> 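This structure is in structure tokens; I'll ask about it shortly.
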Amino acid sequence: MPELPETETIARDLDAALRGAVIDAVTVVRGDVLREATAAAFVRVVRGSRITSVNRRAKSIVVALQSHFLVVTPRFTGALLLTEPADDRYTCLHLALADGRTLRYHDIRRLGTVALHDAARHAAWDSALGPEPLDLALDADAFWHALRSSRQAIKTLLMDQRKLAGVGNIYANEALWRAGIRPTRAGKSLRRLEVGGLLDALRAVLTESIALRGTTFRDFQDAYGVRGGFAAKLAVYGRGGQHCHRCCTPLRATHRLAGRQTVWCATCQR
DNA sequence: AGGGGAACCCGTACGC
DNA sequence: TGCGTACGGGTTCCCC
């Protein structure tokens with residue numbers, strides 16, 4: 001479930017730890033996590049290359065090499081680990097660094113992916129994604145325009161990576177509760193003022209979660225195997241049937257909206 | 001075009 | 001207790 005705050009946590013740690021590191025040896029243990037490259041091509045490109053930076057885009061960690069990019073999308077159980085995992089059976093990729101450290105891509109359920117991009121492919125991938133919510137270049141007017149053409153539910157739109165990058169189920173639920181907006185409202189029904197409030201709420205919850213190194217609901221761990229601290233701060237996600245922190249009404253929960261867990265307060269979300 | 005649904009994967013939860 | 005099955009979850013791909 002790593003969304004924006006969780007992948008941001010991983011990327012910041014890895015950037016500090018890996019900038020300038022050289023990858024000496026590559027072992028592909030579970031080749032089915034690879035995308036856009038065969039195991040042989042992956043080894044050929046990655047072996048001997050230097051890591052120039054590590055960043056985040058949407059819910060992916062982007063490891064920049066000299067000429068290529070590794071785009072790691074952990075999905076539910078994927079992790080980029082600098083420490084020895086508790087169970088090495090789930091190591092999919094093993095990168096030995098010249099300084100003696102090891103970077104592993106570890107994934108129990110293997111729905112996560114590691115793609116290899118050259119510069120042109122990476123630019124195309126990047127341009128297909130929507131704006132970053134924490135980028136101040138995205139203003140409420142632009143966001144309002146992006147939403148007002150759609151009949152889809154606002155919660156579905158928040159999670160549409162072409163419209164906005166990095167927001168998944170947890171933070172979509174949380175931002176809508178904070179903004180007092182019902183998840184099922186059609187995008188085009190939102191007024192300009194409501195969209196401004198929603199963007200403010202979204203930025204606040206993402207920023208607070210990053211400060212606590214993300215939400216570990218079940219599986220998320222950072223590069224050192226440590227859990228995030230934001231789960232205790234969640235107002236609605238995973239709290240169906242419990243009381244709303246604002247008005248004490250029992251929170252409603254459904255899976256009907258795009259098949260995902262949606263939790264909201266029918267009293268204070270309109 | 002835009003939206004809906006299946007596939008991907010396997011640990012966990014649950015039923016018998 | 002032990003086995004079998006349903007489920008979840010984001011993205012991609014396919015189809016209507």
Side-chain angles (χ1 to χ4, degrees), chain A residues 1-8 10-11 28-37 56-62 69-80 85-93 105-117 121-122 124-130 132-133 145-175 183-189 206 209 214-221 227-228 231 234 236-240 253-263:
Chain A
M1 291 184 219
E3 303 180 29
L4 189 156
E6 294 75 35
T7 38
E8 179 72 23
I10 297 167
V28 177
V29 184
R30 296 277 200 169
D32 60 356
V33 300
L34 294 177
R35 293 294 183 276
E36 308 187 41
R56 179 194 60 76
R57 175 75 166 115
K59 303 173 194 171
S60 298
I61 298 125
V62 177
F69 299 87
L70 299 183
V71 179
V72 180
T73 311
R75 299 269 166 78
F76 310 104
T77 54
L80 275 170
D87 193 338
D88 207 24
R89 279 183 302 167
Y90 302 112
T91 293
C92 302
L93 303 174
Y105 180 67
H106 182 273
D107 197 340
I108 295 171
R109 285 159 82 177
R110 295 207 311 284
L111 277 177
T113 57
V114 179
L116 180 65
H117 288 170
R121 168 66 184 125
H122 193 63
W125 173 79
D126 183 81
S127 68
L129 291 165
E132 287 288 335
H145 282 289
L147 299 176
R148 66 185 302 193
S149 63
S150 178
R151 284 184 297 273
Q152 281 196 299
I154 181 60
K155 176 163 176 274
T156 304
L157 294 171
L158 284 177
M159 296 167 63
D160 183 338
Q161 303 300 298
R162 296 167 301 181
K163 294 206 161 48
L164 191 68
V167 179
N169 200 27
I170 293 177
Y171 298 102
N173 275 296
E174 294 297 310
T184 48
R185 289 266 304 275
K188 66 193 313 176
S189 78
L206 294 172
S209 182
T215 300
T216 298
F217 198 75
R218 293 189 58 162
D219 300 302
F220 167 67
Q221 52 182 326
R227 297 160 63 84
L234 295 174
V236 285
Y237 185 82
R239 295 193 65 245
T254 181
H255 272 88
R256 281 195 204 105
L257 195 51
R260 298 192 181 103
Q261 183 188 156
T262 301
V263 187

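Reminder, nothing fancy here: chain letters follow the sequence lines and each chain counts from 1. Remember, predicted model here, so these are calculated numbers, not experimental data.
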> Between protein and nucleic acid, restricted to nucleotides 6-10 of chain B and to nitrogen or oxygen atoms under 3.5 Å apart, what atom pairs and distances do you find?
from: dC9(B); atom 1: O3'; to: Arg110(A); atom 2: NH2; distance (Å): 3.4
from: dC10(B); atom 1: OP1; to: Arg110(A); atom 2: NH1; distance (Å): 2.6
from: dC10(B); atom 1: OP1; to: Arg110(A); atom 2: NH2; distance (Å): 2.4
from: dC10(B); atom 1: O2; to: Arg109(A); atom 2: NE; distance (Å): 3.3

> What are the two closest non-hydrogen atoms of Pro2(A) and Phe220(A), and how far apart are they?
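For Pro2(A) versus Phe220(A), the nearest heavy atoms are CG-CD1, 4.0 Å.
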> Base, sugar-phosphate, or nothing: which does Asn169(A) touch, judged by heavy atoms less than 4.0 Å apart?
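Asn169(A): backbone/sugar contact only, no base atoms under 4.0 Å.
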> Minimum heavy-atom separation for Asp88(A) to Pro85(A), with atom names?
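Nearest heavy atoms, Asp88(A) then Pro85(A): OD1-CG, 3.5 Å.
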> Looking at Ala58(A) and Thr7(A), what are the two nearest heavy atoms and their distance?
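Minimum heavy-atom separation between Ala58(A) and Thr7(A): O-OG1, 3.8 Å.
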> I'd like to know if Asp32(A) pairs up with Arg30(A) as an ion pair, taking the criterion as any Lys NZ or Arg NE/NH1/NH2 lying under 4.0 Å from an Asp or Glu carboxylate oxygen.
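Here Asp32(A) does not pair with Arg30(A) in a salt bridge, since their nearest N and O are not under 4.0 Å apart.
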> Distance check needed: dC13(C) C1' versus Arg162(A) CZ, whole Å only.
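One finds 13 Å between C1' of dC13(C) and CZ of Arg162(A), rounded.
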> Look at Gln161(A) and dT11(C) and indicate whether a side-chain polar atom (N or O) is within less than 4.0 Å of OP1 or OP2.
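So the side chain of Gln161(A) is within the cut-off, an N or O lying under 4.0 Å from OP1 or OP2 of dT11(C).
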> Indicate, with a heavy-atom threshold strictly under 4.0 Å, whether Gln152(A) touches base, sugar-phosphate, or nothing.
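Answer is sugar-phosphate: Gln152(A) comes under 4.0 Å of backbone atoms only.
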> If only side-chain N and O atoms of Lys59(A) are considered, is one of them under 4.0 Å from the OP1 or OP2 phosphate oxygen of dG10(C)?
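Answer no for this pair, as no side-chain N or O of Lys59(A) is under 4.0 Å from OP1 or OP2.
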> Side chains of residues 155-171 of chain A: which donor-acceptor pairs under 3.5 Å do they make with residues two or more places apart or in other chains?
from: Lys155(A); atom 1: NZ; to: Asn169(A); atom 2: OD1; distance (Å): 2.8
from: Lys155(A); atom 1: NZ; to: Thr262(A); atom 2: OG1; distance (Å): 2.9
from: Asp160(A); atom 1: OD1; to: Arg162(A); atom 2: N; distance (Å): 3.0
from: Asp160(A); atom 1: OD1; to: Arg162(A); atom 2: NE; distance (Å): 3.2
from: Asp160(A); atom 1: OD2; to: Arg162(A); atom 2: NH2; distance (Å): 3.1
from: Gln161(A); atom 1: OE1; to: Gly166(A); atom 2: N; distance (Å): 2.8
from: Gln161(A); atom 1: NE2; to: Met159(A); atom 2: O; distance (Å): 3.0
from: Gln161(A); atom 1: NE2; to: Val167(A); atom 2: O; distance (Å): 3.1
from: Asn169(A); atom 1: OD1; to: Asn173(A); atom 2: ND2; distance (Å): 3.3
from: Asn169(A); atom 1: ND2; to: Gln261(A); atom 2: O; distance (Å): 3.1
from: Tyr171(A); atom 1: OH; to: Glu6(A); atom 2: OE2; distance (Å): 2.5
from: Tyr171(A); atom 1: OH; to: Ser209(A); atom 2: OG; distance (Å): 2.6
from: Tyr171(A); atom 1: OH; to: Thr215(A); atom 2: OG1; distance (Å): 2.7

> Whether Glu3(A) and Lys59(A) form a salt bridge (side-chain N of Lys/Arg under 4.0 Å from carboxylate O of Asp/Glu) is what I want to check.
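No, no charged N to carboxylate O under 4.0 Å.
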> Rounding to a whole Å, what distance do you find between Glu6(A):CD and dG9(C):P?
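Interatomic distance, CD of Glu6(A) to P of dG9(C): 15 Å.
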> Round to the nearest Å and state the distance from Met159(A) atom CE to dG4(B) atom P.
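From Met159(A) CE to dG4(B) P: 14 Å.
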> From the set dG9(C), dG10(C), dG3(B), return the single nucleotide nearest to any side-chain atom of Ser150(A).
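Comparing dG9(C), dG10(C), dG3(B) against the side chain of Ser150(A), the answer is dG3(B).
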